[in-house]
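For reference, the structure discussed in these notes is given below.
Basis for what follows: all heavy atoms, side chains included, without hydrogens, waters or symmetry-related copies.
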Amino acid sequence: MTNPTPIDITNIPELRHLVEEMRASKQPRLLKQDRESVALLMPLGTTLTQQPPPTKEDVWADYNPEKVRTALAQSAGTLAGVQRESLLTDIRNVRSQENTRRPF
């Protein structure tokens with residue numbers, strides 16, 4: 001990393017308060033402007049690897065096969081009368097449209 005330009009926060013109470021909270025928790029803070037991440041504020045002497053790894057959610061924890069069967073039975077016939085080729089064409093067209101919000 002290059003030598004960052006220091007910023008004196010002595011006379012910026014809001015930023016000083018944020019820094020004190022960050023030091024106490026020893027956790028970095030992500031700074032955002034509107035919805036865009038613009039900077040990462042980290043207390044000196046810590047690294048991002050000190051955070052505990054995220055726990056993986058068990059997607060099967062509340063799985064109930066009987067509820068799934070009931071839901072499938074209730075949805076049977078939902079697409080009756082729909083023209084298959086027309087539906088597939090519509091889906092294909094929508095998927096091919098440019099969308100700036102899609103992450104891929």
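Legend: residues meeting side-chain hydrogen bond (donor to acceptor under 3.5 Å, both in side chains) with Ser75, ordered by chain and number and at least two apart, are absent. Under the rule for a salt bridge (charged side-chain N to carboxylate O under 4.0 Å, His left out), Arg16 has no partner lying at least two apart in sequence or in another chain. For the side-chain hydrogen bond (donor to acceptor under 3.5 Å, both in side chains) test, no residue two or more places apart in sequence or in another chain qualifies with Glu36.
The environment of Ile7 atom CD1 is sparse: at most 12 non-hydrogen atoms of other residues, nucleotides or ligands sit within 6.0 angstrom.
Residue pairs that meet the side chain to side chain donor-acceptor pair (under 3.5 Å) test with at least one member in residues 59-72, sequence neighbours left out, are Glu66-Arg69.
Summarising the geometry of Pro28 relative to Met22, their closest heavy-atom pair is CA-CG, 4.5 Å, with the distance given to 0.1 Å. Across all their heavy atoms, Ser37 and Leu30 have their closest contact at OG-CD2, 3.4 Å.
Under the 4.5 Å side-chain contact rule for hydrophobic residues, Leu72 and Leu79 do not share a cluster. Leu31 and Met42 are not part of a single hydrophobic cluster, where members link through side-chain heavy atoms under 4.5 Å apart.
Side chains of Val38 and Lys32 form no contact here, defined as non-hydrogen atoms less than 4.5 Å apart.
Atom CG of Leu40 sits about 11.5 Å away from atom CZ of Arg29, to the nearest 0.5 Å. One distance of note links CD1 of Ile9 with CG of Leu15; it measures 4.5 Å at 0.5 Å rounding.
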Can you give me every donor-acceptor pair (side chain of residues 82-89, partner residue at least two apart or in another chain, under 3.5 Å) with its distance?
| unit_1 | atom_1 | unit_2 | atom_2 | d |
| --- | --- | --- | --- | --- |
| Thr89 | OG1 | Glu85 | O | 2.8 |

